[in-house]
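The sequence lines fix the lettering, A, B, ..., with proteins before strands; numbering per chain opens at 1.
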Amino acid sequence: MHLLLVPADDDAVRLARLDAHGVLLGEPWQLGREDLPAAVAGLERDEAPRWVWDTTSDLYSALLQAGTRLARCHDISLARTVLRFSTLVQDPDYARFALDVTGSAEYPVSDAVEPEQRQESLFEAPRSHRSLEEVRQEFAAQLKAVETSRAPARLRLLLAAESAAALVAAEMRFLGVPWDQAVHRELLEEALGPEPAPGRRPALMEDLVVRLRELLRAPRLNPDSPQELLKTLHRNGIEVKTTRQWELKSSDHPAIEPLLEYKKLSRLHTANGWTWLDAWIRDGRFRPDYVVGGVVTGRWSSRGGGALQIPRSVRRAARALPGWKLLVADASQVEPRILAAMSADEGMARAARGQDLYAEIADAGFGGSRSSAKIALLGAMYGSTTGESARLMPQLKKLYPRAIALVEEAARTGERGGAVSTWLGRSTPPPGPDWDAAQRTQSQEEQRRADAWARARGRFTRNFVVQGTAAEWAECWLAGIRSRLAGLPLPDGAEAASPTGPAELVFFLHDEIMIHAPEELMPRCVEAVESAAREAGTLLFGRAPVDFPLTVAVVDSYDQAK
DNA sequence: CACCCCCGCGCG
DNA sequence: AAAGCGCGCGGGGGTG
């Protein structure tokens with residue numbers, strides 16, 4: 001049973017029951033927005049439907065704020081992103097349908113807004129109103145596209161995982177990562193000195209600027225300007241081509257050490273300093289926007305606060321509340337394990353059965369050198385053509401012919417302008433309008449550029465199949481964790497404070513999750529995370545002989561994990 | 001003033 | 001040590 005939810009205007013939502021093919025069952029009806037949460041909660045309890053809507057965050061955020069958690073949904077816009085390019089889809093009508101809806105937009109855009117502009121009203125205003133019938137038709141077209149596709153089960157799983165991920169993302173933003181302002185301010189002061197006036201450099205950075213100006217004999221140097229810095233370095237005989245840290249490290253000039261220190265502090269100050277705290281931490285929680293499927297490979301992206309780049313240096317401030325703990329679980333070496341499973345390469349699958357895949361590969365063919373094995377394998381998945389990884393490739397190819405063939409075939413397809421797909425059927429978008437003309441060019445100079453473009457696209461498609469399938473595994477893992485946590489009992493004496501239950505799934509970073517929960521619930525959470533990982537492997541690959549081991553830490557603050 | 005690109009660096 | 005993939009963000013510096 002499906003329940004379709006379509007915003008009608010500023011204060012109403014239309015609902016309709018649909019059958020398994022998206023056909024109307026009975027008459028649609030309408031509810032005022034203020035009545036919606038209670039009505040939805042009742043329908044969820046009585047009918048346990050799959051909720052169908054265009055964009056999860058448009059409606060679900062408000063439901064969460066009203067205290068309603070939902071078990072499952074179908075996010076039409078996420079499904080559209082997958083289905084419009086998927087090479088598994090054969091329905092000739094669907095691509096046209098998707099194009100009509102999306103117009104020329106290539107990828108989903110976040111509805112993120114600046115935090116101070118965020119409306120905390122119950123419902124965010126939808127960007128455009130489509131009628132219930134239009135939305136229903138698109139949903140029905142999606143169901144048909146899946147059922148008539150070359151692999152309905154895979155696409156069904158992918159769309160279910162994406163929709164579950166959309167629920168998780170909304171819940172994560174609703175809950176937020178617990179963030180201790182005081183600890184954060186402490187570590188800022190420790191590193192940078194007292195909070196400066198707005199627009200001013202912190203004291204310890206200013207001290208370094210004074211030293212740099214003396215050491216480089218440049219009394220007006222602004223080290224934040226790469227151009228200016230580069231000229232100044234050259235005047236002092238420091239012959240670097242860029243001002244990147246790794247290149248600066250090659251010089252032993254006395255100004256280098258304070259310069260690197262300045263860059264480190266500057267990064268902390270501008271990216272996660274006091275301004276960041278004021279902008280992003282409310283009521284002790286960090287609530288960024290997560291954009292499910294925001295990356296072309298299917299990974300999540302985020303908007304605001306640099307949510308997926310929280311540097312190690314500030315992780316101490318992500319802290320569990322008193323009596324609670326953080327569970328940080330990290331799936332080890334996911335991409336090579338995915339490659340082993342996808343390619344059914346027996347040798348690599350054997351290596352992927354242990355805790356440390358790189359060590360197994362090292363023993364199997366690299367004289368026990370784990371670092372060589374790792375460099376070789378990463379090079380194979382990223383398309384490295386130079387240096388040590390290129391030198392090690394022949395050996396890797398001999399050891400794991402099927403695995404290497406899979407990524408090389410993906411690269412060749414991409415170089416030709418073709419599409420490649422993940423295990424569950426997310427495909428690369430076509431290369432863009434200029435591709436064909438560029439590849440047909442006559443001039444030698446343009447031909448060189450076209451070849452470079454083709455090689456770059458080959459590296460992209462090579463990595464796409466692995467990164468994208470890893471993202472699918474991770475979303476299945478996430479969905480499994482979500483449903484298991486929902487079944488956990490409240491600890492004795494605890495009240496149901498949150499619609500998402502006693503354990504809070506608060507963070508997700510490609511192959512890592514964080515749960516914030518009462519300490520006594522942690523054993524149950526660890527079991528949930530581990531059994532969900534096993535289930536994710538089985539969902540994708542059946543009884544594949546590949547393990548997806550986790551590193552699990554139960555800690556008080558994020559920095560204590562790993 | 002807004003807008004865009006480049007640079008550099010944080011994360012996986 | 002980075003390299004080879006995928007991102008977001010803030011500052012500088014140019015343009016309109």
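When the side-chain nitrogen and oxygen atoms of A:Lys562 are compared with OP1 and OP2 of B:dG12, one or more of them lie within a distance under 4.0 Å.
Summarising the geometry, the separation between CG on A:Leu259 and P on B:dG8 is reported as 11 Å, rounded to the nearest angstrom. In this structure, CZ of A:Arg244 is placed 13 Å from P of B:dC6, rounded to the nearest angstrom. Straight-line distance from the CG atom of A:Leu268 to the P atom of B:dC11: 12 Å, rounded to whole Å. If you take CD1 of A:Ile310 and C1' of B:dC11, they are 9 Å apart, rounded to a whole angstrom. For the pair A:Glu247 CD and B:dG8 P, the interatomic distance rounds to 9 Å; values are reported in whole Å. Note: CG (A:Leu230) to C1' (B:dG8) measures 13 Å, nearest angstrom. To the nearest angstrom, P of B:dC9 lies 10 Å from CG of A:Leu229. In this structure, the NE2 atom of A:His269 is 16 Å from the C1' atom of B:dC9, given to the nearest Å.
Within 4.0 Å of A:Arg312, counting heavy atoms only, lie sugar-phosphate atoms of the nucleic acid but no base atom. Using a 4.0 Å heavy-atom criterion, one finds that A:Thr385 contacts no nucleic acid atom at all. Within the 4.0 angstrom heavy-atom criterion, only backbone atoms of the sugar-phosphate kind lie near A:Ser302; the bases stay farther away. A:Arg267 comes within 4.0 angstrom of a base, heavy atoms only. Here A:Arg455 lies out of heavy-atom contact (under 4.0 Å) with every strand. At the heavy-atom level, A:Ser250 lies nowhere under 4.0 Å from the strands shown.
Nucleotide C:dG6 carries an anti base; the chi torsion (O4'-C1'-N9-C4 or O4'-C1'-N1-C2) is more than 90° from 0.
The ring of A:Trp477 has its center no closer than 6.0 angstrom to the ring center of A:Phe548. For A:Phe286 and A:Trp276, the ring centers sit closer than 6.0 Å to each other.
Listed nucleotides B:dC9, B:dG12, B:dG10 differ in distance to A:Lys263; the shortest reach to its side chain belongs to B:dC9.
Donor-acceptor pairing under 3.5 Å is recorded for the side chains of A:Asp224 and A:Tyr262. A donor atom on one side chain and an acceptor atom on the other are not found under 3.5 Å apart for A:Asp451 and A:Gln439.
Under a 3.5 Å cut-off, the side chain of A:Ser427 and the backbone N or O of A:Thr87 do form a donor-acceptor pair.
In this structure the side chain of A:Trp280 never reaches within 4.5 angstrom of the side chain of A:Asn272, judged on heavy atoms.
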For this session: Take A:Arg312 and A:Asp559, measure what salt bridge (charged side-chain N to carboxylate O under 4.0 Å, His left out) needs, and give me the verdict at the end.
Result: CA-CA 7 Å; A:Arg312 284 167 194 283; A:Asp559 65 311; over 6 Å; no
Problem set entry | salt bridge (charged side-chain N to carboxylate O under 4.0 Å, His left out) evaluation trace for A:Arg412 with A:Glu415 | CA-CA 5 Å; A:Arg412 279 197 298 273; A:Glu415 286 168 6; over 6 Å; no
Problem set entry | Full working for salt bridge (charged side-chain N to carboxylate O under 4.0 Å, His left out) between A:Lys397 and A:Glu408 | CA-CA 10 Å; A:Lys397 207 165 169 172; A:Glu408 297 206 322; 3.2 Å; yes
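In summary, contact between chain A and DNA chain C, defined as any nucleotide atom under 4.0 Å from a heavy atom of the protein, begins and ends at C:dA2 to C:dG13 in the 5' to 3' direction.
Heavy-atom distances under 4.0 Å link DNA chain C to no residue of residues 180-205 of chain A. Against DNA chain C, the stretch residues 213-228 of chain A makes heavy-atom approaches under 4.0 Å through A:Asn222, A:Asp224, A:Ser225, A:Gln227.
Both distances falling under 3.5 Å, in either a Watson-Crick or a G-U wobble arrangement, place B:dC3 opposite C:dG14.
Among all heavy-atom pairs drawn from A:Ala169 and A:Val292, the shortest one is CB-CG2, 3.6 Å.
Ring-plane geometry between A:Trp435 and A:Trp453 is classed as perpendicular, the angle between the planes exceeding 60 degrees on a 0 to 90 degree scale with a lower cut at 30.
Ionic pairing of A:Glu228 and A:Lys231 is not present here: no N-O contact between side-chain nitrogen and carboxylate oxygen is shorter than 4.0 angstrom.
Along DNA chain C, the nucleotide nearest to A:Ala456 and the one nearest to A:Lys249 differ in position, and the one closer to the 5' end is contacted by A:Lys249. Between A:Gly306 and A:Trp246, the residue anchored nearer the 5' end of DNA chain C, judged by the nucleotide with its closest heavy atom, is A:Trp246.
With rounding to the nearest 0.5 Å, the separation of CG in A:Leu485 from CD1 in A:Ile515 is 4.5 Å.
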